[in-house]
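Following: one structure in structure tokens, then a few remarks.
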Amino acid sequence: MRMLDRYTLGEKTETGSYAFTEENIIRFATRYDPQRFHVDRQAARESLFGDLCASGWHTCAGWMTTFVAYWIAESKKIAREGHTPPKLGPAAGFKNLQWIRPVFADETVDYAVTLLSSRPMASRPGRILNTILCEGYVAGDPVVRFESSVLEFE
């Protein structure tokens, strides 16, 4: 089975939610993006954001966390249906990353993926290049969006 056999081009699929707590925002930012508005609530209140907010990279990592959990469950579901799940490989890159608005402590982001295109790679027989739209929303309002190219193996 290929991704294109399972998903309709342009159809959004919800992948899960991730809660951005003060604790996990500070933990992530301390390690990967230690700017004051990500690691210190009081300093964040005095910043242009006005309160503690997640690193944009954290919102992207939240997307990946929910997608991997979704894909593991989806692969098991496809196998139970008697099919071989698509064999996804690594991402070949991303583009058009937008951090639309900050994600603040105690907000939950709902993530989704949309298959935009799928084509066999002429340069690599047996490989397919899928382009996906990755998005995150808080209460229906977009907060993060990017396109990713994901390899698939026949």
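Through direct or relayed side-chain contacts under 4.5 Å between Ile, Leu, Val, Met, Phe, Trp and Tyr, Phe104 connects to Phe37, Leu48, Phe49. Hydrophobic side-chain contacts under 4.5 Å tie Leu133 into a cluster, directly or through other members, with Leu116.
Under the 4.5 Å side-chain heavy-atom criterion for grouping Ile, Leu, Val, Met, Phe, Trp and Tyr, Ile132 is not connected to Met121 through any hydrophobic cluster.
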Please output the side-chain donor-acceptor pairs of residues 54-61 that fall under 3.5 Å, not counting sequence neighbours, one pair per line with the distance.
from	atom 1	to	atom 2	distance (Å)
Ser55	OG	Asp33	OD2	2.7
Ser55	OG	Trp57	N	3.1
His58	NE2	Tyr18	OH	3.1
Thr59	OG1	Gly56	O	2.6

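Judged as a salt bridge (charged side-chain N to carboxylate O under 4.0 Å, His left out), the pairs with a partner in residues 121-135 (not counting sequence neighbours) are, in order, Lys12-Glu135, Glu135-Arg145. Residue pairs that meet the ring-ring contact (aromatic ring centres under 6.0 Å, His included) test with at least one member in residues 112-147, sequence neighbours left out, are Trp63-Phe146. The salt bridge (charged side-chain N to carboxylate O under 4.0 Å, His left out) pairs that include a residue from residues 71-80 are Arg6-Glu74, where partners are two or more places apart or lie in different chains.
Residues Glu14 and Thr66 fail the side-chain proximity criterion, which asks for heavy atoms closer than 4.5 Å. Counting only heavy atoms from C-beta outward, the side chains of Pro86 and Ile78 approach each other to under 4.5 Å. Contact check for Phe20 versus Thr108: no side-chain heavy atoms found under the 4.5 Å cut-off. At least one side-chain heavy atom of Glu154 sits under 4.5 Å from a side-chain heavy atom of Ile128. Under the 4.5 Å side-chain criterion, counting only non-hydrogen atoms from C-beta, Cys53 is not in contact with Trp99.
The main-chain N or O of Tyr70 is never found under 3.5 Å from a side-chain atom of Thr15 such that the two would form a donor-acceptor pair. The closest donor-acceptor contact from the side chain of Thr21 to the backbone of Asn24 lies under 3.5 Å.
Considering only residues two or more places apart in sequence or on other chains, Ser17 meets the side chain to side chain donor-acceptor pair (under 3.5 Å) condition with Asp110. Remark: Asp5 pairs with Met1, Arg2 by the side chain to side chain contact (heavy atoms under 4.5 Å, CB included) rule, at least two apart or across chains. Ile26 meets the side chain to side chain contact (heavy atoms under 4.5 Å, CB included) test with Glu22, Thr30, Leu52; sequence neighbours excluded. Annotation: side chain to side chain donor-acceptor pair (under 3.5 Å) contacts of Thr13 (sequence neighbours excluded): none. Residues meeting the side chain to side chain contact (heavy atoms under 4.5 Å, CB included) test with Arg45, sequence neighbours left out: Arg41, Gln42, Asp51. Remark: Ala79 pairs with no residue by the side chain to side chain contact (heavy atoms under 4.5 Å, CB included) rule, at least two apart or across chains.
Considering every non-hydrogen atom in both Ser117 and Leu115, the closest pair reads O-CD1, 3.5 Å.
Atom CZ of Phe153 has more than 12 neighbouring heavy atoms from other residues, nucleotides or ligands inside a 6.0 Å radius. Atom CD of Glu23 sits in a sparse spot, with 12 or fewer heavy atoms from other residues, nucleotides or ligands closer than 6.0 Å.
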